[in-house]
Amino acid sequence: MKTTFTFDKLPLKFYKRDVLTVARELLGTTLIRKKDNLTFAGIIVETEAYDGKTDQAAHSFNGMTKRNETMFKGGGYLYVYFTYGNHYCCNVVTGNPGGGCAVLIRAVEPINEIETMTINRYSKSTISDKELLNLTNGPGKLCKAFSIDLKDNSAELSDDQIFILNSKNNKLENISTSKRIGISKSVDLPWRFFITDNKFVSRK
DNA sequence: CCACGGATTGGCT
DNA sequence: GCCAATCCGTGGA
């Protein structure tokens, strides 16, 4: 069965704004990843902002390297990196070229092609309710489920392989803020955003 | 060349 | 809640 989506892609100008604004406004939008004729989809429920100019926790803080160069390309690119020997994480680059700003996508609520995500994550097609909640509730987990890796680094969100739909309801989402997770520098900045009480958020 | 540590995860206590 | 796994990128000698 083919599923279609009636929402529009977020325009390039959406990404070319302040990283904190984009991190907050990405909540409730829908991440789409097309691969092998499949359309993976999930509602973004948790994000973190990283700012190359003021934020020591940002990969871009100490300047451009081969690893982080996508962060300097300006709003509208996908920055994917490899970490802890096992995991990929995906970010949406924001702001102007040279700024080194990006939003880490930390969790999504899966809404399409869930069975393939299940196979990608657990190498089996039948899972428990608990395993469903663990399918995409972390930055490494959602990349595994959506089959996102370094080949997707520097992808343009205006293209058709990976993009984000403006799926926000008219009703305002209830948004919570907290310190970011898993970092050792600039630890006190309240730059993590998540949809309050959503079951697919990685942590309270 | 080598040492260090990481925007994590999952398994075990 | 704690901690090992795992390996590439980065920076210093």
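If you're wondering where the values come from, they're calculated on a predicted model, not measured in any experiment. Naming convention: chains lettered A, B, ... in sequence-line order (proteins, then strands); numbering from 1 in each chain.
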Rounded to whole angstrom units, what separation is found between the CD1 atom of A/Ile148 and the P atom of B/dA7?
-> 18 Å

If you look at every strand shown and take non-hydrogen atoms under 4.0 Å, does A/Phe82 touch a base, only sugar-phosphate, or nothing?
-> sugar-phosphate

Indicate whether OP1 or OP2 belonging to B/dT9 is found under 4.0 Å from a side-chain N or O atom of A/His87.
-> no

Kindly give the heavy-atom pair with the smallest separation between A/Phe82 and A/Arg67, and that separation in Å.
-> O-NH2, 3.4 Å

Phosphate contact (C/dT10 OP1 or OP2) by A/Thr65 side-chain N/O below 4.0 Å | yes

Think A/Arg106 has a side-chain N or O under 4.0 angstrom from the OP1 or OP2 of B/dT8?
-> yes

A/Tyr88 OH to B/dT9 P, in whole Å, measures 14 Å

Sort out the partner of C/dT6 for me: Watson-Crick or G-U wobble, both distances under 3.5 Å, none otherwise.
-> none

Greater than 12 external heavy atoms within 6.0 Å of A/Glu131's CD = yes

A/Ser184 side chain: which of C/dG11, C/dT10, B/dG6 is closest?
-> B/dG6

Should the ring pair A/Phe40 and A/Phe146 be called parallel, tilted or perpendicular, given that the plane angle runs from 0 to 90° and is split at 30 and 60?
-> tilted

Between A/Lys141 and B/dG10, does any side-chain N or O lie under 4.0 Å from OP1 or OP2?
-> yes

Closest to side chain of A/Asn86, choosing from C/dT6, C/dG11, B/dA7 | C/dT6

Separation of B/dT9 atom C1' from A/Asn120 atom CG, nearest Å, is 17 Å

In Watson-Crick or G-U wobble terms, with both distances under 3.5 Å, the base opposite B/dA7 is none

Quick one: A/Tyr81 OH to C/dG9 P, roughly how many Å, whole number?
-> 14 Å

Using atom types as modelled and distance alone, determine if a side-chain donor or acceptor of A/Asn198 lies under 3.5 Å from a backbone N or O of A/Phe200.
-> yes

Calculate the interatomic distance between A/Tyr122 atom OH and B/dT9 atom P; express it in whole Å.
-> 11 Å

Reckon A/Ile183 touches a base, only the sugar-phosphate, or nothing at all at heavy-atom distances under 4.0 Å?
-> sugar-phosphate

Judged by atom type as modelled, is there a donor-acceptor pair below 3.5 Å linking the side chain of A/Ser154 to the main-chain atoms of A/Thr70?
-> no

If the P atom of B/dA7 is compared with that of C/dG1, how far apart are they to the nearest Å?
-> 22 Å

Nearest-Å distance for atom pair CG/C1', residues A/Asn134 and B/dG11 | 13 Å

Checking all strands, does A/Asn91 fall into the base, sugar-phosphate, or nothing category for heavy-atom contacts under 4.0 angstrom?
-> base

Rounded distance (Å) that lies between atom C1' of B/dA7 and atom OH of A/Tyr79 | 9 Å

Closest to side chain of A/Tyr84, choosing from B/dT8, B/dA7, C/dT10 = B/dT8

Under 4.0 angstrom, heavy atoms only, what part of the nucleic acid is A/Arg180 near: base, sugar-phosphate, or nothing?
-> nothing

Take atom CG of A/Leu150 and atom C1' of B/dA7, then tell me their distance rounded to the nearest Å.
-> 15 Å

Nearest to side-chain heavy atoms of A/Arg121, which nucleotide of B/dA7, B/dT9, C/dT10 | B/dT9

What is the minimum heavy-atom distance between A/Cys143 and A/Cys90, and which atoms define it?
-> SG-N, 3.6 Å

